[in-house]
2 protein chains.
Amino acid sequence: MEKPDKSNHSQCTGIIRPVQDALDVLNGKWKLPIIVALLHGYKRFSEISRQVPGITDRMLSKELRDLELNQLVKRKVYDTFPVTVEYTMTPYGETLKDVISALHIWGEKHRQKIFGADLVNEPVDKSNLG
Amino acid sequence: MEKPDKSNHSQCTGIIRPVQDALDVLNGKWKLPIIVALLHGYKRFSEISRQVPGITDRMLSKELRDLELNQLVKRKVYDTFPVTVEYTMTPYGETLKDVISALHIWGEKHRQKIFGADLVNEPVDKSNLG
DNA sequence: CCGCATCCTGTATGATACTG
DNA sequence: CAGTATCATACAGGATGCGG
């Protein structure tokens, strides 16, 4: 039983970066609800806004731009008046479903582990945990 | 006539919460590196600290406490002098491997999509994306 | 309708010094 | 060794109002 890779091996640290990248894509208060709205077929700015209760125009605009930069979302402007904008998930964006699904499965078990099964509908409040 | 599911259906929004819970568990700058260090068998506070370059004692302490509250990590104090503390992943904590694996796979593809394949070793810098 | 500019606040994190 | 206390800061996000 040697101490195999107990040194500071940067190739092990190397697994961290892509994982963090994936997390970053979903990070923040609004990315996920927006993605879910888009996956459910909502396309217009105001439509998405309605599906994501509480979000401000500023944040929605910012997050959509971010998702677009990551090529998860396609933005199409129609030359109407007033202007019409359509946001859609790219095929690549759809590949997020698998990741979200994995997170979903684990997250539900977590919820049931941390809280009672009958509290599954309660929002997580970490201040109760201690 | 029903508006099919184009209303504000809270059961669809319901998938968001557990996913967000899972994300929260991994959220922040340090959770993931710490978890990886623990999964690789590093147990002592200072050991973990060494494996997570740049982290301060304050953050390591805080994040370990957070992971412990989420029952991902077990903390055991040995009555030596000076005191010795051992952190280990719980069996439950190990279940995170699957989630991290899913994130890893997606994250690597993402990295190759956003950057060239030869830039895979570069850290993500979103300011370059625009 | 679809945003952007501005200002403001809270939270996450960093720096540093100290203790059992 | 394994932390805590205190102060400082940057950035995410909220509120509000304007503009093509």
Side-chain angles (χ1 to χ4, degrees), chain A residues 16 20 23-35 37-38 42-70 73-88 123-130, chain B residues 16 20 23-35 37-38 42-70 73-88 123-130:
Chain A
I16 293 177
Q20 199 74 59
L23 287 172
D24 288 348
V25 162
L26 299 174
N27 211 0
K29 189 173 176 178
W30 303 111
K31 296 268 170 57
L32 188 63
I34 292 171
I35 289 171
L38 287 165
Y42 297 96
K43 299 179 175 184
R44 304 281 300 274
F45 189 89
S46 50
E47 230 177 0
I48 302 166
S49 181
R50 252 174 282 120
Q51 282 304 307
V52 183
I55 196 170
T56 60
D57 286 354
R58 190 177 90 92
M59 287 311 292
L60 181 53
S61 172
K62 176 180 174 296
E63 299 293 59
L64 283 170
R65 213 179 312 133
D66 204 355
L67 294 171
E68 196 189 356
L69 286 177
N70 277 318
V73 166
K74 175 110 176 295
R75 179 177 187 269
K76 188 168 182 188
V77 183
Y78 292 94
D79 194 11
T80 57
F81 183 81
V83 69
T84 306
V85 182
E86 193 180 276
Y87 293 93
T88 49
V124 169
D125 180 355
K126 282 166 183 162
S127 61
N128 292 336
L129 289 179
Chain B
I16 293 178
Q20 199 75 58
L23 287 172
D24 288 348
V25 161
L26 299 174
N27 211 0
K29 189 173 177 180
W30 302 112
K31 295 269 170 58
L32 188 63
I34 292 171
I35 289 170
L38 287 165
Y42 298 96
K43 298 179 176 183
R44 304 282 298 277
F45 188 90
S46 50
E47 230 178 0
I48 301 166
S49 180
R50 251 174 281 121
Q51 283 304 307
V52 183
I55 196 169
T56 60
D57 287 353
R58 190 176 89 89
M59 286 311 292
L60 180 53
S61 172
K62 176 182 174 299
E63 299 293 59
L64 283 171
R65 212 178 315 135
D66 205 355
L67 294 171
E68 196 191 355
L69 286 178
N70 277 317
V73 166
K74 175 108 176 296
R75 180 179 187 267
K76 188 168 183 186
V77 182
Y78 290 94
D79 193 11
T80 58
F81 183 82
V83 67
T84 306
V85 181
E86 193 180 278
Y87 292 94
T88 50
V124 168
D125 180 357
K126 282 165 181 163
S127 61
N128 292 336
L129 288 178

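Keep in mind that what you see is a predicted model, and the values were worked out from it rather than measured. A, B, ... follow the sequence lines: proteins, then strands. Residue 1 opens every chain.
- Straight-line distance from the CD atom of B:E47 to the P atom of D:dA2: 9 Å, rounded to whole Å.
- A:Y87 comes within 4.0 angstrom of sugar-phosphate atoms only, judged by non-hydrogen atoms across all strands, and of no base.
- In this structure, the side chain of A:K31 engages the main chain of A:N27 through a donor-acceptor pair within 3.5 Å.
- Per the geometry, CG belonging to A:N27 stands 10 Å off C1' belonging to D:dA12, to the nearest Å.
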task = Apply side chain to side chain contact (heavy atoms under 4.5 Å, CB included) to B:Q20 and B:D24, showing your working.
result = CA-CA 6 Å; B:Q20 199 75 58; B:D24 288 348; 4.1 Å; yes
request  = Apply the test side chain to side chain contact (heavy atoms under 4.5 Å, CB included) to residues B:V77 and B:T84: give CA-CA distance (whole Å), side-chain angles for both, the deciding distance (0.1 Å), then the verdict.
outcome  = CA-CA 6 Å; B:V77 182; B:T84 306; over 6 Å; no
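- The CZ atom of A:F81 sits 15 Å away from the P atom of D:dG19 (whole-angstrom rounding).
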task = Just do the side chain to side chain contact (heavy atoms under 4.5 Å, CB included) check on A:I55 and A:I34 with the steps written out, would you?
result = CA-CA 10 Å; A:I55 196 170; A:I34 292 171; 3.9 Å; yes
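- To the nearest angstrom, P of D:dG3 lies 9 Å from CZ of B:R65.
- Put simply, CD on B:E68 is 14 Å from C1' on D:dG3, counting in whole angstrom units.
- Using modelled atom types, no side-chain atom of B:E63 and backbone atom of B:M59 make a donor-acceptor pair closer than 3.5 Å.
- Here the side chains of B:V85 and B:K76 are not in contact, with every heavy-atom distance at 4.5 Å or above.
- With a 4.5 Å cut-off on side-chain heavy atoms, B:R50 and B:I48 do not count as touching.
- Distance B:I34 CD1 to D:dA2 P: 14 Å, rounded to the nearest Å.
- In plain terms, the two heavy atoms of B:W30 and B:V52 that are nearest each other are CE3-CG1, 3.4 Å.
- With a cutoff of under 4.0 Å to any heavy atom of chain A, the contacted region of DNA chain C is bounded 5' to 3' by C:dC1 to C:dT6.
- A residue-by-residue look at A:P82 and A:G28 shows that A:G28 has its nearest nucleotide of DNA chain D further toward the 5' end.
- Listed in residue order, the members of residues 56-64 of chain B having a heavy atom less than 4.0 Å from DNA chain C are B:R58, B:M59.
- Atom CD in B:E86 sits roughly 14 Å away from atom C1' in D:dC1 (whole-Å rounding).
- For D:dC1, the OP1/OP2 oxygens have no side-chain nitrogen or oxygen of B:T84 closer than 4.0 Å.
- The NZ atom of A:K43 sits 14.0 Å away from the OH atom of A:Y87 when rounded to the nearest 0.5 Å.
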